[in-house]
*Asks:* 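Quick one: the structure is below, and I'll ask about it shortly.
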Protein chains: 4
Amino acid sequence: MDRAGGMPPYRQLMLQVRDAVRLGWLKPGDRLPTAREVVAASGVNQHTVLKAYRELELAGVLEVRQGSGTFVKDSAGTSAGAGVLTELQQQLENWVRIAHQAGLDDEDMKALLSAALARKVSKK
Amino acid sequence: MDRAGGMPPYRQLMLQVRDAVRLGWLKPGDRLPTAREVVAASGVNQHTVLKAYRELELAGVLEVRQGSGTFVKDSAGTSAGAGVLTELQQQLENWVRIAHQAGLDDEDMKALLSAALARKVSKK
Amino acid sequence: MDRAGGMPPYRQLMLQVRDAVRLGWLKPGDRLPTAREVVAASGVNQHTVLKAYRELELAGVLEVRQGSGTFVKDSAGTSAGAGVLTELQQQLENWVRIAHQAGLDDEDMKALLSAALARKVSKK
Amino acid sequence: MDRAGGMPPYRQLMLQVRDAVRLGWLKPGDRLPTAREVVAASGVNQHTVLKAYRELELAGVLEVRQGSGTFVKDSAGTSAGAGVLTELQQQLENWVRIAHQAGLDDEDMKALLSAALARKVSKK
DNA sequence: GTGGTCTAGACCACC
DNA sequence: GTGGTCTAGACCACT
């Protein structure tokens, strides 16, 4: 949890879960930690966790089953095969290493990616 | 301006300016558009623009000269040579193209980069 | 507010606003009472009101403008002309009067309507 | 069973049974399906069914006879003659057909009925 | 002064 | 024990 970032905690939680699903760390059908477990581990308020879960349910990523827990929806999941994903990941890590040696910090790299993505869109 | 993102408008403005400086689109000494011009172009409240400029001044990125405008500070700027930057940029765009063809969307790529950066930190 | 009905207060509020829009009592562009005004008038908690407004925003009925208030969305509105609506309304009131004289109470009539609607669907 | 409606399942069951009695589909002395049968047919938890039956017994609508099942109480039943009821029913269906052709959906009609009933009360 | 979020503690419905 | 709601009071971002 990054208190200084200006991003509300419930949204940070949403991003973390959503990214975990995107990266294949959480697969369809997996059960998420209980709201109370997250509270115990991270210190945020239970309502914050429940709000994040509920928003992700509306977004179609999670499925809440009364009395039994919160699960990753079957329809949600990685858009690409695991093999391709790890290869892309290695290439990116390589690039990160080079950029780091050139003196760029994390924010620089994120800015470069945003710019590259924006250029891709404008090409469309 | 992304109204639904949960990030306060003044912070979105800060990011845009800061990234423009990081990427070399704005260089030390460049004059930024007047608050009124930004209002006319984007529709946000003038206070929001002024708050973003003020925060960036405190962060050491901008310099406000009474009566003449807001400028990029001389000490601020890209941390790497322009040549290296464009090369990294091309490599990244290449990677983006491949990832796009593999079916990944923008958010997937941002998640991959975040994961790669987090792994780099843990290596330290 | 009906405390005994088993329906959560925020949902009762949602229904009231939504029905007011359906019946033309609230038209697109109209400004809804402030959350604090509703609190003063009805005694429910401010969060309850805000949750109702927010859910109606997600449902596409309302539009929340930071700092200026909550408004009925332009795209939301009555599905039929006002003239037709008042005529249907008068016919219904007539029917209600007859049913009332026949000894039916409000719940009886709602049950009859539900049954009639269900039969319409099964005809489709 | 409507999972998204916000109304607790046991209350939805209560309404269904009570309305069936109101409309004459269930008459005094009729035997209701066993809790297990309802479970098999609808998938809700057995406790939910039993709670609904128990509440309806307290409300004076049902009568539980140990070992033989659950029955509609003799004192419960339609408040009007069957003849009048079917006539009112036909008039309502007529109205529903007209309203449907005018572009109103089910929720619109329920809102109109609620408004008509509220106006009747205020006349008293 | 507008809506929005965070925290805290209590109670409820469901499994 | 699971998620869900209500209430209460404080603080923040935006107009």
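It should be emphasised that the depicted structure is a prediction, and the values quoted were computed from it without experimental measurement. Throughout, protein chains are lettered first and strands after them, A, B, ... in sequence-line order, and every chain is numbered starting at 1.
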*Asks:* Go ahead and name the base partner of F:dA8; Watson-Crick or wobble counts if both distances stay under 3.5 Å, otherwise write none.
*Replies:* E:dT7

*Asks:* So, for B:Ala111 and A:Arg22, which heavy atoms are closest and what is the spacing to 0.1 Å?
*Replies:* CB-CD, 4.3 Å

*Asks:* Taking OP1 and OP2 of E:dG3, is either one under 4.0 Å from a side-chain nitrogen or oxygen of C:Thr70?
*Replies:*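 C:Thr70 to E:dG3 OP1/OP2: side-chain N or O found under 4.0 Å.
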
*Asks:* Rounded off to whole Å, could you give me the CZ-to-P distance for the D:Arg11 and E:dC14 pair?
*Replies:* 10 Å

*Asks:* Just to be sure I understand the rule, does C:Asn45 reach a base, reach only the sugar-phosphate, or reach nothing, if contact means heavy atoms closer than 4.0 Å?
*Replies:*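 Base contact - C:Asn45 has a heavy atom under 4.0 Å of at least one base atom.
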
*Asks:* What is the separation between atom CZ on C:Arg36 and atom P on E:dG4, rounded to the nearest whole Å?
*Replies:*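 Value for this atom pair: 11 Å.
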
*Asks:* Nearest whole angstrom, please: distance from the P of E:dT5 to the NZ of C:Lys51.
*Replies:*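 After rounding, the reported distance stands at 12 Å.
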
*Asks:* For DNA chain E, find the residues of residues 62-69 of chain C with a heavy-atom distance under 4.0 Å and give them by number; none if there aren't any.
*Replies:*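 Here the set is C:Val64, C:Gln66, C:Gly67, C:Gly69.
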
*Asks:* Shortest non-hydrogen contact from A:Val61 to A:Arg18?
*Replies:* CG2-CG, 4.5 Å

*Asks:* Tell me the partner of E:dC14, counting only Watson-Crick (N1-N3 plus N6-O4 or O6-N4) or G-U wobble (N1-O2 and O6-N3) with both under 3.5 Å; none if nothing fits.
*Replies:* F:dG1

*Asks:* Nearest-nucleotide wise, let me know which of A:Tyr53 and C:Pro9 is further upstream toward the 5' end of DNA chain F.
*Replies:* A:Tyr53

*Asks:* Hey, which of these two, B:Pro8 or A:Arg54, hits DNA chain F nearer its 5' end, going by closest nucleotide?
*Replies:*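 This one resolves to A:Arg54.
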
*Asks:* Could you tell me the separation between the CG atom of C:Leu50 and the P atom of F:dC12, rounded to a whole number of Å?
*Replies:*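 Roughly 18 Å, once rounded to whole Å.
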
*Asks:* Give the rounded distance in Å between these two atoms: CD of C:Glu55 and P of E:dG4.
*Replies:*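 Those two atoms, CD and P, are 12 Å apart.
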
*Asks:* Might you point out which heavy atoms bring D:Tyr53 and D:Thr70 nearest each other, and give the distance in Å?
*Replies:* CD2-OG1, 3.7 Å

*Asks:* Are side-chain heavy atoms of D:Leu112 and D:Asp108 found at a separation under 4.5 Å?
*Replies:* no

*Asks:* Can you tell me whether the side chain of C:His47 and the base of F:dG9 have a donor-acceptor pair closer than 3.5 Å?
*Replies:*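 When only heavy-atom distances are counted, C:His47 does reach the base of F:dG9 through a donor-acceptor pair under 3.5 Å.
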
*Asks:* Starting at atom CD of C:Gln12, determine the distance to atom P of F:dT5, rounded to an integer number of angstrom.
*Replies:* 14 Å

*Asks:* OP1, OP2 of E:dT7 versus side-chain N and O of A:Thr48: anything below 4.0 Å?
*Replies:* yes

*Asks:* For A:Val44 and C:Glu37, find the nucleotide of DNA chain E closest to each by heavy atoms; which residue's nucleotide sits nearer the 5' end?
*Replies:* C:Glu37

*Asks:* Take atom CD of A:Gln46 and atom C1' of F:dT5, then tell me their distance rounded to the nearest Å.
*Replies:* 11 Å

*Asks:* Please give me the minimum heavy-atom distance between C:Lys110 and D:Ser114, naming the atom from each residue.
*Replies:* CE-OG, 4.4 Å

*Asks:* Hey, does the side chain of A:Thr34 come within less than 4.0 Å of F:dG1's phosphate (OP1/OP2), counting only N and O?
*Replies:* no

*Asks:* Where is the tightest heavy-atom contact between C:Gln12 and C:Met7, given as atom of each residue plus distance?
*Replies:* NE2-O, 2.8 Å

*Asks:* Can you check whether A:Val21 reaches A:Leu56 side chain to side chain, under 4.5 Å on heavy atoms?
*Replies:* no

*Asks:* Think C:Tyr10 has a side-chain N or O under 4.0 angstrom from the OP1 or OP2 of F:dT5?
*Replies:*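 So the side-chain polar atoms of C:Tyr10 do come within 4.0 Å of the phosphate oxygens OP1 or OP2 of F:dT5, strictly under.
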
*Asks:* Please name the pair of heavy atoms, one in D:Leu13 and one in D:Val49, separated by the smallest distance, quoted to 0.1 Å.
*Replies:* CD1-CA, 3.8 Å

*Asks:* Between E:dC12 atom C1' and C:Met7 atom CE, what is the distance in whole Å?
*Replies:* 16 Å

